[in-house]
Amino acid sequence: MGNSVCDGQASANQGRGTITTFYSPSAWIEDQAEQQLKQLSGWAGVRQIAAFPDLHPGKYGPVGCAVLADRLYPQLIGNDIGCGMALFALDLPARKFKLDKAERRMRALEGPLEADLSERLEEDGLAPDLFAQALGTIGGGNHFCEVQNLVEAEPDSGLDISRLYLLVHSGSRGFGNAVLGALPQGAFAGLLSDDPVAQNYLRDHDQAVLWARLNRQIIAERAAEALRADLHLISDAPHNLLEQKGTGWLHRKGAAKAVAGVIPLAGTRATPSYLLRPLGHADALGSLAHGAGRRYDRSSMHGRVRGKRSDLEAMTRTQFGGRILCEDRDLLIEEAPLAYKSAGDVAADLQDMGVAQTEAKFHPLLTFKKVKSEGRR
DNA sequence: ATGTGC
């Protein structure tokens, strides 16, 4: 069972929602994140919060939690509505993988896609020109597209240890940002279900969730085409989204939607990722951690790692013999593995707390972040 | 996390 920073007495503590934490006492959780968690529990109408081991401070509230509330808080979802992780199996034997060749080919992931994607948008019930220029692009920050080696799997997982896998972390790009930005002043105080502003937001939000999922699919198709492989989806799990739940609103912020099947848990570009099976814990709000969780904020990373050319060069290689395609100096530093907690520790906590079991473990092999556009080289 | 402006 998770413990509570509110001593389990929160329901008797007027005006505060209950907080259930699914991390061990030794987990790396910043004081600021727990302060944000407690503040959040006092927002009007907040009933219940599940906090996961990847919890870290965010702009409007902690990242790494699911929040059930009477009101809809758009800022809790943030601007990257529908952002999530998608894991694919590649029809590519690991023994045939040539890193140099793959690294050259994966450069094709940079920049907008030439193809006409209007039919793909329409297949998902979206307008044929809806942010079409950004569809199939990864974006910045912590987003990536990574080829992975399967190194451990439960015997009944159905995963083939000899094949390669692809993990995509991306979202709704400018679309979700526009949806959040279009809200009137006052929406951040919380919206009630019968408010037309809430209805309007929810309609756009649902489209952004569909768009983000399609974006991950198309990014994966671009990567598979570059690698001359077929692929099939294992799991797509969004972690920034809203759902109506009974009379309330379930907000997930950096918490994967996890109601069935298997859920990807991202490591870093140089540390393992995992595949988890949610166990339906009553207090987890149908959610799980989504990754390792940030340990240090972006700006402080510039003071924590050395930026000499040789140091940066070293940061493009991993202990597993893998590589990172990142030609943006700041991004290389801000997304260094040091900036993150251990996804292995996160997975272990989730297992110890009875919310998930680990199905498989993957090593990063080739992580695409960003390359300089071909025209400028 | 984004697109835009410096």
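Residue numbering restarts at 1 for every chain, and letters A, B, ... go by the order of the sequence lines. Side chains are part of it too, since the values below use all heavy atoms of this structure and drop only hydrogens, waters and symmetry mates.
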Point to revise | Between C1' of B:dG3 and CG of A:N177, the distance in whole Å | key: 8 Å
Check your understanding: side chain to side chain donor-acceptor pair (under 3.5 Å): which pairs involve residues 212-225 of chain A, sequence neighbours left out?
Key -> A:R120-A:E221, A:S170-A:N215, A:R216-A:D236, A:Q217-A:E221
Exercise for review: Only pairs at least two apart or in different chains count here, so list each ring pair (Phe, Tyr, Trp, His ring centres under 6.0 Å) that has a residue in residues 85-104 of chain A.
Suggested key: none
Practice item. Measure the distance from NE2 on A:H143 to P on B:dA1 and round it to the nearest whole Å. Key: 6 Å
Revision key, fill the gap. Here the ring pair (Phe, Tyr, Trp, His ring centres under 6.0 Å) pairs for residues 106-138 of chain A, sequence neighbours left out, are A:F131-A:F175
Review point. With respect to the phosphate group of B:dA1, does any side-chain polar atom (N or O) of A:N142 fall under 4.0 Å of OP1 or OP2?
Key: yes
Check your understanding: Is the distance from OP1 or OP2 of B:dG3 to the nearest side-chain N or O of A:R173 less than 4.0 Å?
Key -> yes
Review point. For residues 286-301 of chain A, which residues have at least one heavy atom under 4.0 Å from DNA chain B?
Key: A:R298
Check your understanding: Tell me: CG of A:D328 to C1' of B:dA1, nearest whole Å?
Key -> 14 Å
Check your understanding: Can you name the closest pair of heavy atoms from A:Y73 and A:H251 and give their distance?
Key -> N-NE2, 2.9 Å
Review point. To the nearest angstrom, how far is A:M85 atom CE from B:dA1 atom P?
Key: 10 Å
Review point. Does any pair with a residue in residues 255-266 of chain A pass side chain to side chain donor-acceptor pair (under 3.5 Å), and if so which ones, sequence neighbours excluded?
Key: A:E243-A:K257
Point to revise | Nucleotide B:dT2, atom P - distance to CG of A:L331 in whole Å | key: 10 Å
Review point. Between atom CG in A:N240 and atom P in B:dT2, what is the gap in whole Å?
Key: 11 Å
Revision key, fill the gap. Residues at least two apart in sequence or cross-chain that pass salt bridge (Lys or Arg N to Asp or Glu O under 4.0 Å) with A:R306, listed by chain then number, are A:D311
Review point. Which whole-number value in Å describes the distance from A:I77 CD1 to B:dA1 C1'?
Key: 15 Å
Practice item. Measure from CZ on A:F175 to P on B:dA1 and round the result to the nearest Å. Key: 19 Å
